[in-house]
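Notes for the one structure printed next.
Start at 1 and go down the list; that is how both ligands and their atoms are numbered. Quick note: residue numbers are just sequence positions, from 1.
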Amino acid sequence: MNLAERDQQVIWHPFTQQKNRLPPIPIVKGEGTLLFAEDGSTFIDTISSWWVTLHGHAHPYIAEKIYQQALQLEQVIFAGFTHEPAVRLAERLLPILPGNFSRIFYSDNGSTSTEVALKMSIQYWWNKGETHRKKILAFKNSYHGDTFGAMSVSDRSVFTLAFHDFLFEVIFIDTPTENNINSINAIIHEHSGELAAFIYEPLVQGAGGMKMFEALLMDEILNSAKLSDIICIADEVMTGFGRTGSLFASEYLQNKPDIICLSKGLTGGTMALGITACNDRIYEAYVNDDKYKTFFHGHSFTANPLACSAALASLDLLMKEECLNKIRWITESNKQFAEQLIGYPQVKDIRTKGTILAFEITLGKDEYLNSISTTITEMVMTKGVYLRPLGNTVYIMPPYCITESELQKTYEVTEWVLSELA
Ligand SMILES: *Cc1c(COP(=O)(O)O)cnc(C)c1O
């Protein structure tokens, strides 16, 4: 049996209907933006392997740092103990995060980082004895992860359908436009006394289809939330670490969050790690003689030293002028390509924000399960490019190490698939 056949005997893949599924493609190696398949074919990973890979696959600098750390200390219980990589990473991140952050809480992934943020916010009000603050505010079309709290604050969709009876109540508001901003502010005002927190993906909603909205309008919402003392949670799991052109999407906003969630690009996409950072307002509510006011949350691998070392190495690479220039260059190239796409009749809502480019394809039904997505993936892979549309939303979000010829090829193959589908 080959690897794909062995896989099909024993593995259950995420977001994948198991009936009549296609055999998975064995990947034997990664280098830069390229994925190498067992059969010798290569693919440009234009979506950074689900938005995580920043500096390319199997980056030797990050690999070396993980290896060195593995020889030194691979894991230690994080209650009562600490270690250099965890402290160093917190020291380096806190000054560059968008807001007055003072504490880093570690967990394992994006979903745990939002779970932690929600629990931190809810218990904040409980610790203060203000128990009427029980509801969470979130955007329609949002995605904050797949665990129960994260699902609850994500918009109800095909992802959450089987679980609706088990999800807690959330007040959902539209993402802002000139037309609805007043009614959104009115909703916040109306519920201000019962809202514990507002969780939002700043400026780009990832899994909801790379939907983008204006910073000025977002600031108005945050302003209303702040006036009502609602804890603001920026979920920058996807937008963090340069994706939107600046280091964090919240940098485009005047109103900074009280809590920020990070994962995905945090380790350059090499290891699983989540961060929930908070400011002193939140932290001080937990510093108390009353032991009941402790934050009782943790994971076996909290602040895993290997993952923290990977994050430190990724930060080294990210902060280099060379990498920041690449982010600017991808941003500019995307804008030009967006212009070029305007002529295609089956394309609409072309948009870019930093290294993210997205558009809607007007073929088939407008829904996540639209088979056009699979068709596009299969077609572009025959040309050595990997795209994975979210339903009708085609998007490109490459690792920052992508070369000029690879980005050009990505654009060309995207245009090719559009003309083929015409
Ligand atoms: C991917 C994502 C998550 C969930 O992260 P996982 O590591 O997949 O659990 C949460 N929020 C946003 C905005 C994301 O894009």
Side-chain angles (χ1 to χ4, degrees), residues 13-16 47-54 97-98 105-121 136-160 163 167 170 172 175 197-213 218 232-244 248-250 252-253 257 259-277 297 299 301-302 304 307 310-311 314 353-356 358 368 388-391 393 395-397:
H13 286 269
F15 297 111
T16 307
I47 65 155
S48 301
S49 279
W50 261 342
W51 327 341
V52 302
T53 311
L54 296 191
L97 292 180
F105 192 96
Y106 287 107
S107 65
D108 303 338
N109 56 64
S111 301
T112 57
S113 77
T114 56
E115 290 284 340
V116 166
L118 294 169
K119 286 178 71 174
M120 237 179 217
S121 307
I136 309 290
L137 185 70
F139 277 136
K140 288 180 191 161
N141 196 49
S142 59
Y143 177 78
H144 298 290
D146 284 345
T147 51
F148 271 89
M151 261 199 300
S152 294
V153 295
S154 301
D155 201 359
R156 306 295 176 260
S157 72
V158 53
F159 293 176
T160 57
F163 310 105
L167 304 181
V170 169
F172 287 106
T175 49
F198 170 38
I199 185 166
Y200 56 96
E201 293 161 271
L203 307 189
V204 187
Q205 293 186 308
M210 301 298 157
K211 297 280 189 298
M212 301 179 187
F213 49 93
M218 182 70 214
C232 293
I233 306 170
D235 178 353
E236 295 227 26
V237 168
M238 188 278 281
T239 52
F241 302 100
R243 277 296 168 205
T244 65
F248 300 96
S250 295
Y252 293 103
L253 301 163
I259 298 179
I260 189 167
C261 305
L262 305 167
S263 186
K264 291 203 166 111
L266 171 59
T267 60
T270 58
M271 296 198 64
L273 184 66
I275 276 179
T276 310
H297 187 103
H299 299 275
F301 288 102
T302 295
N304 173 258
S314 176
K353 187 83 195 161
T355 67
I356 309 166
Y368 178 77
R388 191 177 191 276
L390 295 151
T393 309
Y395 70 96
I396 298 169
M397 192 197 287

Taking Ser113 for its side chain and Gly110 for its backbone only, find out whether a donor-acceptor pair lies under 3.5 Å. yes

When you look for protein heavy atoms under 4.0 Å from ligand 1, which residues do they belong to? Trp51, Asn109, Gly110, Ser111, Tyr143, His144, Gly145, Glu201, Asp235, Val237, Met238, Lys264

Not counting sequence neighbours, which residues clear side chain to side chain donor-acceptor pair (under 3.5 Å) with Ser157? List them please. none

Go through the side-chain N and O atoms of Glu236 and Thr239 and say whether any donor and acceptor fall under 3.5 Å apart. yes

Please round to the nearest 0.5 Å and tell me the distance separating atom CG of Asn109 and atom CG of Asp146. 9.5 Å

Can you tell me how far the NE2 atom of His144 sits from the CG atom of Asp155, to the nearest 0.5 Å? 9.5 Å

How are the rings of Phe139 and Phe213 set to each other: parallel, tilted or perpendicular (split at 30° and 60°)? perpendicular

